[in-house]
Structure formats: C-alpha cells, structure tokens
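Letters A, B, ... mirror the listed sequences (proteins, then strands); counts begin at 1. Predicted, not measured: the structure shown is a model, and the values here were computed from it.
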There are 2 protein chains.
Amino acid sequence: MSVPLYQAKAEMFRTLGHPVRIRVLELLQDGPRPVRDLLAEIDVEASNLSQQLAVLRRAGIVTSFRDGALVMYALSTPDVADLLAAGRRILGAVLTDRDSLLVELRRQK
Amino acid sequence: MSVPLYQAKAEMFRTLGHPVRIRVLELLQDGPRPVRDLLAEIDVEASNLSQQLAVLRRAGIVTSFRDGALVMYALSTPDVADLLAAGRRILGAVLTDRDSLLVELRRQK
DNA sequence: GAGTGACTTGAAGATTTTTGCAAGTCCGAA
DNA sequence: TTCGGACTTGCAAAAATCTTCAAGTCACTC
C-alpha cells in the first residue's frame, strides 16, 4: 500500500471540507445535474465552481459526462449520501451539547 | 442562524481532514485514552499532537479531562464512529472504481 | 465558419493550515 | 520545595488551499 489508509481517509474528509463542495454534493443527492444548474444555486463564480468540481472529481467522489452542450455531474456512489447524513447527525449532537453548556452558563450567572 | 448550515458542515469535515486527527479518532473509538497513549501510537511530536487535539476539541468532536497527572481524551459522541465507518465505505467504493479503471486501462494497452 | 453559451484550465496572489521549537503550567514523588 | 513527566501555548517559518482573472475548448445555431 503506497499511501497509508488513514491518510487516504483524511484526504477524503478534507475533500468534503469546503462549503461549495458540500453544497454541490447535497444538490447531487437528488440525481445528476448540469453545471449550469449548480451555478444557478450556489452563488460563486463559474471558474471557482469548476475548480471545486475538479477537486471532487479528482477524489473520485463525483463523475462528469457531457450531454450535448451541457456538462453533467453525478455522485460516483450513493454512499456519499450516508456520509452527509452521518455528518448532519454529529453536527446535531455537537450543537446540542454546546447549547446545553450555554444554558448551564446562563444559569450560573 | 449566524453561520449557514453548509458552512458548519464543511468545517466539521475539514476538522476530520488530517491524518493525525483521523488516527486519534480511530483510537478513541475504543474508549477514553490518555495523551501519552496516543503519543505512543501516532509518531508525531507532542506539541503537534496537542495542537491537533485542540482542533478536535474546539470543534466539539472530542472532550478532555484530567485524571491525576494524565489528560484523558474521549469522543464527545459515539456518532463519530458512524462517520468514520461511512468514510471507510466510500473509500472502498471509490478505490474499487479506480481499480476497475486500472484493469480496463491495462486491457486496452 | 463566426458567434455565443457552457465550462475548464493555468497561474499568481491572498489566506489558512501545519509544523516545530522554546517556553510555560500542572501534578505527584522524593 | 525541588525535580521530572505529561501536556499545552505562542510563534514564526513552511506548506497547502482558495480565489480570481485571463485565456482556451467544445458544441450548437445562424
């Protein structure tokens, strides 16, 4: 194995660690979409979106194909949706912990 | 909401996107551990490990407490294990895709 | 085959992360 | 109360990312 497994995992997660890339993946959960659609929803420059799509493509998380004049993107595996869901759960857990702390702090004062 | 949800998600994933931090989380899946143990397993300078632990702590993914002379770390929620598992699955999917591509390439030549 | 919309690429500057060292803090033992 | 082990913190240099602009490709339509 040339790259240690934990490093490959880290790269995977780091790939998801960007707001635009997260939004793209969320949009792609509903099925393939042309860049034009993504661009209409995400509020970022076309070239920037393209760069972020390239990052996802290089990581193998999405795939792209041309359909006439449009370029379509799709999740390369539906497992991605699970990952996003798991992320959401943790965020929920962490934020409620934070909130209870906040509530406690307020009580002490 | 001060921080858009997708940005909070991105930060979450970014937090996991570092080899040392991934290893720490994997080790903590089996229960709380003192820094000393982590240090023995991870091959990184103490100060570096400490910095990475601080990143995880700030994100609310782990918690720490002192036990005599030792500082212990633990996952703040067991959900983290799910996330790591989901990551593993995707990595598997992506890598087998890559491998089949490689095989195809080899065949063409 | 010129024009236009849809994207991608390359490169450079700005920003963020990572790393390692030096300098602490905290605790238990001697 | 001093020593040593266990960690953390503050920085600054080095490395990786992000963003944007200018230029380029590809596919339709006229």
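- Using a 4.5 Å heavy-atom threshold, the side chains of B:Leu83 and B:Phe13 count as touching.
- Contact of the B:Asp82 side chain with the A:Asp82 side chain is not registered, since no non-hydrogen atoms from C-beta on lie closer than 4.5 Å.
- Atom C1' of nucleotide C:dA6 and atom CG of A:Leu39 are separated by 9 Å, given to the nearest angstrom.
- Rounded to whole angstrom, the span from the CZ atom of B:Arg36 across to the P atom of D:dG4 amounts to 18 Å.
- Of the candidates C:dG20, D:dC21, D:dC7, C:dG20 carries the atom nearest the B:Ser47 side chain, counting heavy atoms from C-beta on.
- Whole-Å rounding puts the A:Leu53 CG to C:dT9 P distance at 10 Å.
- Heavy-atom distances to DNA chain D give each of A:Gly17 and A:Ala69 a nearest nucleotide, and the one nearer the 5′ end belongs to A:Gly17.
- Distances shorter than 4.0 Å separate none of the side-chain N or O atoms of B:His18 from OP1 or OP2 on D:dA15.
- Residue contacts shown for A:Asn48 include a base, since a base heavy atom lies under 4.0 Å away.
- The distance from atom CE of B:Met72 to atom P of D:dC7 is 9 Å, rounded to the nearest whole Å.
- Atoms CG (B:Leu56) and P (D:dC7) sit 16 Å apart, rounded to a whole Å.
- With a 4.5 Å cut-off on side-chain heavy atoms, A:Leu16 and A:Val80 do not count as touching.
- The side chain of A:Arg66 contributes no N or O atom lying less than 4.0 Å from OP1 or OP2 of C:dC7.
- A pairwise comparison of heavy atoms in B:Leu75 and B:Gln29 identifies CD1-CA, 4.0 Å as the closest pair.
- Rounded to a whole Å, the CG atom of A:Leu38 is 20 Å from the P atom of C:dG5.
- When the side-chain nitrogen and oxygen atoms of B:Arg14 are compared with OP1 and OP2 of D:dT17, none of them lie within a distance under 4.0 Å.
- Listed nucleotides: C:dC7, D:dT8, C:dC21. Nearest to the side chain of B:Glu45: C:dC21.
- Looking only at side-chain heavy atoms (C-beta outward), A:Val35 and A:Leu70 stay at 4.5 Å or farther from each other.
- Of the side-chain N and O atoms in B:Gln52, one or more sit less than 4.0 angstrom from OP1 or OP2 of C:dT19.
- As a whole-Å value, the separation of A:Phe65 CZ from C:dT8 P is 13 Å.
- Of the side-chain N and O atoms in B:Tyr73, one or more sit less than 4.0 angstrom from OP1 or OP2 of D:dT8.
- One can place CD of A:Gln51 at 14 Å from P of C:dA12, the figure rounded to the nearest angstrom.
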